[in-house]
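So the structure is just underneath, and the comments pick up after that.
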Protein chains: 2
Amino acid sequence: MRATGSAAGQAAAPPAGLRERKKRRTRDTLARSALELFDRQGYEGTTIDEIAALADVSQRTFFRYFASKEEAALSVQSMAESHFLAAVRARPAAESPLTALRAAVLASWDTIEEAIQSVVPLELHIRTYRMIEANPQLLAEHLRRQVQLEEELTREIARREGLDATDPRPRILVSAFGGVMRVTGRLLSGTTKGDVNELKRTIAEYLDQIGPALAENWRT
Amino acid sequence: MRATGSAAGQAAAPPAGLRERKKRRTRDTLARSALELFDRQGYEGTTIDEIAALADVSQRTFFRYFASKEEAALSVQSMAESHFLAAVRARPAAESPLTALRAAVLASWDTIEEAIQSVVPLELHIRTYRMIEANPQLLAEHLRRQVQLEEELTREIARREGLDATDPRPRILVSAFGGVMRVTGRLLSGTTKGDVNELKRTIAEYLDQIGPALAENWRT
DNA sequence: AGTCAAGTGTCAGCCACCGCCATAATCTCG
DNA sequence: CGAGATTATGGCGGTGGCTGACACTTGACT
């Protein structure tokens, strides 16, 4: 069968044949089972066998849907990432890169819930960030995906601005932006409550610092 | 015994007792054995048993020195990172943050060879970057360490500039800097020859773009 | 020399992960 | 609707990373 394409993050698909729907349901069930168990007993404290049992499939089937335990743990993050990337692509070409990125993050946090509700409730998704931050292996993989996303963002920005692919400026801007995203992600996992509005305010505030951060002299 | 403290990256120590010297020798031998085998047969194509056999110790002993296969693969990178961090701390306080970072990278590439020669020749170290780039798991862990290093850099810059720890500007600057480092790392792994001078030139060139990258309008 | 601490090997075992083949469920098409 | 081609699933067996426990050896210190 081979798990669905790039293994995650596509938006809702039109109801296809029974087989397809069943596959999707199995995958969602597996992801949800995994996340629930991780939340309850921790990532390392959960075995694949337990996840498979809860989803009522064999261990072997788990691995037909997810290449690894990590992948299951980060499957919802993948969805959130493509959701955000789509939001960036939807920004009008006239906006400056930073403006577009800023607007896209804020917008995607407004609509993230619908995008993931077929798998897990928003609250569990937010709690997942804590788990990631707490587990080195998960964090590592999470960062790798983030860097990969930055790669795509870089290309997208270069395209919007009509720049050569080797121009370093988009990459640098996106890196600074990614730095902000990483801190706010950490904040998300730190604060006890997942208040999305508060998060959005913090993001906006940090992003406004990107300009000043490159000024020559910070010492007043 | 418990492997050496933070598990890597300290500079040369004065010749202590026989026990200490032996431990150090074992660790270096293990790291070298691992890197050589990885280079020859690939990371995944090498088992811990093979590494242990080549270093002439038991598999169990390998794990007394390295917490994981990854850690052995990245042990030299750890040394390079602390080497660089030390170079940053050695920069005069009068230099602006970006100037200091820039000078520190260039300087640390000048002296990296001595820092690691007790373990592997420079050339093998450079080839290791290719291996990291080619293996998702290694790349993930590598990025995690890099982000952690950026964390320390951020603190260091904030300290130099006498800024509050929550000021986002050092973090953003370091992120942009880190973005440049990541591309050049990729270049290092891409070009067939590990010409350090050419690398240094590229780094300098990219770093000079950080300022312009934040300008409002890039479209000529 | 004798005691103590620390490094090492062996063994047994958990768990993530994968190839292989048999089986059972959909799909397709006449 | 039913036979045959596809495709998902289960079970089995095995590999390899990693760990705890325990006994043994070797350097350290008096």
Side-chain angles (χ1 to χ4, degrees), chain A residues 1-5 7 13 15-31 33-34 37-38 41-75 131 135-138 140-141, chain B residues 1-5 7 13-31 33-34 37-38 41-75 135-138 140-141:
Chain A
M1 66 160 276
R2 205 110 281 263
T4 319
L18 169 59
R19 209 169 231 165
E20 288 305 312
R21 270 179 290 134
K22 220 171 180 178
K23 253 169 45 176
R24 169 148 196 152
R25 220 158 36 86
T26 305
R27 189 190 159 87
D28 288 352
T29 305
L30 273 170
S33 304
L37 287 175
F38 292 159
Q41 4 175 133
Y43 178 71
E44 315 209 291
T46 304
T47 67
I48 307 277
D49 286 313
E50 291 175 297
I51 299 170
L54 184 56
D56 208 53
V57 295
S58 72
Q59 196 233 46
R60 196 67 188 79
T61 292
F62 173 93
F63 283 109
R64 288 203 172 90
Y65 283 94
F66 299 97
S68 64
K69 195 176 170 183
E70 284 174 19
E71 192 176 307
L74 298 176
S75 59
M131 168 180 89
N135 184 290
Q137 198 188 141
L138 278 184
E141 177 62 13
Chain B
M1 65 159 278
R2 203 113 284 261
T4 318
L18 170 58
R19 213 170 225 165
E20 288 304 313
R21 270 178 289 134
K22 220 170 178 178
K23 250 168 48 176
R24 170 147 197 156
R25 220 156 39 85
T26 304
R27 188 190 161 88
D28 288 353
T29 305
L30 273 169
S33 303
L37 286 176
F38 293 159
Q41 8 177 125
Y43 178 71
E44 315 210 290
T46 304
T47 67
I48 307 278
D49 286 316
E50 290 174 298
I51 299 170
L54 184 56
D56 208 53
V57 295
S58 73
Q59 195 231 46
R60 196 66 186 81
T61 291
F62 173 93
F63 283 109
R64 289 201 172 93
Y65 283 94
F66 299 98
S68 65
K69 195 177 170 182
E70 283 175 19
E71 192 177 306
L74 298 175
S75 59
N135 185 291
Q137 197 189 140
L138 277 184
E141 176 62 13

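Just so it is clear, the structure is predicted and the values come from calculations on it, not from any experiment. For the numbers below, each heavy atom of this structure counts, side chains included, while hydrogens, waters and symmetry mates do not. Numbers restart at 1 for each chain; the letters A, B, ... are given by sequence-line order, proteins then strands.
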Give the rounded distance in Å between these two atoms: CZ of B:R25 and C1' of C:dG7.
13 Å
For the pair made of NZ in A:K23 and C1' in C:dA24, what is the distance, rounded to whole Å?
17 Å
note: A:I48, atom CD1; C:dC18, atom P; distance rounded to Å ~ 10 Å
What is the distance, to the nearest angstrom, from the CG atom on B:D56 to the P atom on C:dT8?
12 Å
Please pick, from D:dA8, D:dG10, D:dG16, the nucleotide with the shortest atom-to-atom distance to any side-chain atom of B:T47.
D:dG16
Hey, does the side chain of B:S58 come within less than 4.0 Å of C:dG9's phosphate (OP1/OP2), counting only N and O?
yes
Counting just side-chain N and O atoms, does B:T61 come under 4.0 Å of either OP1 or OP2 of C:dG9?
yes
Taking the side chain as everything from C-beta on, heavy atoms only, tell me whether A:F38 gets closer than 4.5 Å to A:I51.
yes
Sequence neighbours excluded, the answer for side-chain contact (heavy atoms from CB on, under 4.5 Å) partners of B:T26 is B:L30, B:V57, B:Y65
Side-chain N or O of A:Y65 versus OP1/OP2 of D:dA8: is the shortest distance under 4.0 Å?
no
Which residues pass the side-chain contact (heavy atoms from CB on, under 4.5 Å) test with A:R60, sequence neighbours left out?
A:S58, A:F63, A:R64
Base contacts versus sugar-phosphate-only contacts with protein, heavy atoms under 4.0 Å: please encode nucleotides 19-30 of chain D as B, S and - from 5' to 3'.
BBB----BBS--
For B:T29, check side-chain contact (heavy atoms from CB on, under 4.5 Å) against everything at least two apart and list the hits.
B:R32, B:S33, B:A55
Is any side-chain heavy atom of A:R27 less than 4.5 Å from a side-chain heavy atom of A:R24?
no
Go through the structure and list residues passing salt bridge (Lys or Arg N to Asp or Glu O under 4.0 Å) with B:E20, not counting sequence neighbours.
B:K23
Nucleotide C:dA16, atom P - distance to CD of A:Q137 in whole Å:
10 Å
Atom-pair distance (CZ on B:R27; P on C:dT8), nearest Å
12 Å
How many Å lie between CG on A:L138 and P on C:dA16, as a whole number?
13 Å
Give the rounded distance in Å between these two atoms: CD of B:E70 and P of D:dC18.
7 Å
Examine C:dC17: is either OP1 or OP2 under 4.0 Å from a nitrogen or oxygen in the side chain of A:K69? Give yes or no.
no
Residues in side-chain contact (heavy atoms from CB on, under 4.5 Å) contact with A:E44, at least two apart in sequence or another chain
A:N135
